[in-house]
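Data first, discussion second: the structure below is written as structure tokens.
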Amino acid sequence: MKFTKENIVFLLENVGGSENIEKISHCISRMRFKLVDITKANTEEIKKQKWCKGVLIVGGEYQVVIGTEIESFYKMFLKTTGINENANDELKTKKQKMTFIMFVSSIFSPIMILLVVYGMWEMVRTPFFLSSNSTEIPTLIEINSFMELISKGLSWFIVMAVCWSTFRVMGGTPIIGLAIGAILISPMLTPLSALDLDGGKTIIQAMNEHGWKIFGNAVFPWKVSFEGLVIPMIFVGLLGVFIERGMNKVNLGGARMLIQPMVVIAGTVIVTMFTIAPAGLIITNYMSISFNFLMTHNITKYIFSPLIGMLYAPMVVFGLHRTITPILMQDILKFNGSFIMGLMIISNICLAVGCLTFGRLNKNCKEVKNIAYSNGISAFIAGVTEPAIYSISLKYLFPLIASAIGTYFGCLLYTSAGVWTNAAPFGILGIIGFASTLPQGINVEQWAGGSIVWGTLSVILGISITIFMTIVLSQVKYFKERTNKILFDEYGFTPELKQKSIFKFKGNKNGKIK
């Protein structure tokens, strides 16, 4: 879609003008505003615009859903309005009330694009990776080794970016956060994936083989690399910001430029290696074990996994899906895959199919059909579901319910068959992620045929049930009346009704339905 200057001016005026904007940013599909007075925003008028896929308020943040073209819209907004995204830096150093969801979302929103790129690259690399493990052809082995260079670089930078983003959100100096993150993934340190845990060794026993003997024979602190330790890296960022704030109160005169960054970086790293690193390693290790246990145990896997998949789309509505992101990223960086990723892929595909089916059912209303098809295809291919959710699924409600039901049964088959998913895109191309084998440390009974067969069948089952349930629910009286009223109010579309008893139009002076 081509955006115009008038679109930008309209949005600016209806969020209360530039003086009502404290802070502005964007994620994969949304404009995110921190407003001085959120009541000044004219939400209903914004929702009526064709370029707006929805509006929501999450943790005090005013979010306008634009879609996959958010980058061009955001740049045009800054250029047209003259607002500098860093113009209010002094506000960032003030203590602001921030909910946990808003905090997590603010940290991971700018990093999600890297995770998408990582998934896309792993999809491209998968055939070479599988071939290099099953053949002695030197060329294939070397190509996979070369492609792994990009994979490793992305995985390292994602962890570094968490520290950078934490500094940015908390009002610290982001480049210092980036430097701290780089130090903590140094090749001098030992990642969790490199530990030898065979023979019943505990994580503590394994780490005792990797550390500094600063205090004589005692091996401590451990040489803990933060590769894959996403959640602990958030606490590292917080520690660094608090040290920087403390240094801001010290009168260093002209030496501040030299002394403060050195103290913040060195102080953060030293304290981290003695405290956050060992605690984070142990907690992360056992948290991962607990989560994977719930998704592989003979009883809990039939409850836990399908529920996560079924509730994932509704969680997007409230911004709660960001709470899963750190766990997902941690699994991907540790195992190059995740059980959760497959659940998300099935959920995104089913939601897209529900949106597309709705467009097909209402094909006579060209406006809503075009919206459903464009946003449904975006969710189906790229896994960007927000536009589909806010423009169709949540608005008309029954496509969201139908896709949740389809997702539940798709995820039930997925977890029953013991499917594992490598890093992959979040849409239909994510199926390539099922072409994988279970990594070491994951013990699960996998059905004959492996992940690629049962993962694909899980998607097909989810799609089939979603289509069926969308059609069935569309005939329910409540949903039919709700849909017809919205179509008439917003598009002036009057459906052809064979049964007058189901829905009656009664116009007022404005032609609206009572």
Would you check if [X] and [Y] make a side-chain contact, meaning some heavy-atom pair closer than 4.5 Å?
{"X": "Val419", "Y": "Gln446", "answer": "no"}
{"X": "Leu189", "Y": "His210", "answer": "no"}
{"X": "Arg32", "Y": "Ile24", "answer": "no"}
{"X": "Ser436", "Y": "Ser451", "answer": "yes"}
{"X": "Ile150", "Y": "Leu154", "answer": "yes"}
{"X": "Arg30", "Y": "Val64", "answer": "no"}
{"X": "Ile377", "Y": "Ile381", "answer": "yes"}
{"X": "Ser347", "Y": "Thr385", "answer": "no"}

I'd like to check the side chain to side chain contact (heavy atoms under 4.5 Å, CB included) partners of [X]; sequence neighbours left out, ordered by chain and number.
{"X": "Tyr408", "answer": "Pro306, Met310, Leu412"}
{"X": "Ile303", "answer": "Leu307"}
{"X": "Leu400", "answer": "Ala313, Leu351, Ser393, Leu394, Ser403"}
{"X": "Leu294", "answer": "Thr300, Phe304"}

Identify, with sequence neighbours excluded, every residue that meets ring-ring contact (aromatic ring centres under 6.0 Å, His included) alongside [X].
{"X": "Phe426", "answer": "none"}
{"X": "Phe33", "answer": "Phe77"}
{"X": "Phe146", "answer": "none"}
{"X": "Phe157", "answer": "none"}

What distance separates [X] [atom1] from [Y] [atom2], expressed to the nearest 0.5 Å?
{"X": "Leu140", "Y": "Ser145", "atom1": "CG", "atom2": "OG", "answer": "12.5 Å"}
{"X": "Cys411", "Y": "Leu343", "atom1": "SG", "atom2": "CG", "answer": "4.5 Å"}
{"X": "Asn422", "Y": "Thr437", "atom1": "CG", "atom2": "OG1", "answer": "7.0 Å"}
{"X": "Ser25", "Y": "Lys34", "atom1": "OG", "atom2": "NZ", "answer": "11.5 Å"}
{"X": "Met469", "Y": "Phe409", "atom1": "CE", "atom2": "CZ", "answer": "9.0 Å"}
{"X": "Tyr312", "Y": "Met344", "atom1": "OH", "atom2": "CE", "answer": "3.0 Å"}

Quick check: closest heavy atoms across [X] and [Y], and the distance to 0.1 Å?
{"X": "Ala352", "Y": "Phe380", "value": "CB-N, 3.4 Å"}
{"X": "His26", "Y": "Glu71", "value": "CE1-OE1, 3.0 Å"}
{"X": "Met188", "Y": "Lys223", "value": "O-CD, 3.9 Å"}
{"X": "Phe226", "Y": "Pro232", "value": "CE2-CB, 3.8 Å"}
{"X": "Pro191", "Y": "Ser225", "value": "N-CB, 3.6 Å"}

**Prompt:** Looking at the rings of Trp212 and Phe220, which for Trp means the six-membered one, are their centres under 6.0 Å apart?
**Reply:**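 Between Trp212 and Phe220, the centre distance exceeds or equals 6.0 Å.
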
**Prompt:** Are Asn248 and Gln260 close enough, and set up right, to give a side-chain hydrogen bond (donor to acceptor under 3.5 Å, both in side chains), and what steps lead you there?
**Reply:** CA-CA 8 Å; Asn248 286 336; Gln260 179 166 318; 3.0 Å; yes

**Item:** Steps toward side-chain contact (heavy atoms from CB on, under 4.5 Å) verdict (Met31, Gln63)
**Value:** CA-CA 6 Å; Met31 290 284 289; Gln63 302 179 0; over 6 Å; no

Can you give each donor-acceptor pair under 3.5 Å made by side-chain atoms of residues 159-166, sequence neighbours left out, with the distance rounded to 0.1 Å?
residue : atom : partner : partner atom : Å
Ser165  : OG   : Ile107  : O            : 2.7
Ser165  : OG   : Arg168  : NH2          : 3.4
Thr166  : OG1  : Val162  : O            : 2.7

**Asked** Which pairs pass side chain to side chain donor-acceptor pair (under 3.5 Å) with one or both residues in residues 154-163, sequence neighbours excluded?
**Response** Trp156-Glu227

**Prompt:** Just wondering, more than 12 heavy atoms not from Ile299 lying within 6.0 Å of its CD1?
**Reply:** no

**Request:** Dump the intermediate steps for side-chain contact (heavy atoms from CB on, under 4.5 Å) on Met207 and Val224, then the final yes or no.
**Result:** CA-CA 8 Å; Met207 280 310 305; Val224 179; 3.8 Å; yes

**Request:** Without swapping roles, check the side chain of Glu22 against the backbone of Leu35 for a donor-acceptor pair under 3.5 Å.
**Result:** no

**Request:** Check whether any side-chain N or O of Lys53 sits under 3.5 Å from a backbone N or O of Ile66 as a donor-acceptor pair, and report yes or no.
**Result:** yes

**Message:** Quick one, Ser305 with Phe339, criterion side-chain contact (heavy atoms from CB on, under 4.5 Å). Give me CA distance, side-chain angles, the key distance, then yes/no.
**Reply:** CA-CA 9 Å; Ser305 299; Phe339 282 116; over 6 Å; no

Scan the side chains in residues 261-277 for donor-acceptor partners under 3.5 Å anywhere in the protein, sequence neighbours excluded, and list what turns up.
residue : atom : partner : partner atom : Å
Thr268  : OG1  : Val264  : O            : 2.5
Thr272  : OG1  : Thr268  : O            : 2.6
Thr275  : OG1  : Val271  : O            : 2.5

**Request:** Take Ile175 and Phe167 through the side-chain contact (heavy atoms from CB on, under 4.5 Å) test and state the conclusion after the steps.
**Result:** CA-CA 8 Å; Ile175 193 66; Phe167 264 75; over 6 Å; no

Throw together a table of side-chain donor-acceptor distances under 3.5 angstrom for residues 456-466, partners on residues two or more places apart or in other chains.
residue : atom : partner : partner atom : Å
Thr456  : OG1  : Ile452  : O            : 2.6
Ser458  : OG   : Tyr414  : N            : 3.2
Ser458  : OG   : Trp454  : O            : 2.6
Ser464  : OG   : Ile460  : O            : 2.8
Thr466  : OG1  : Gly462  : O            : 2.7

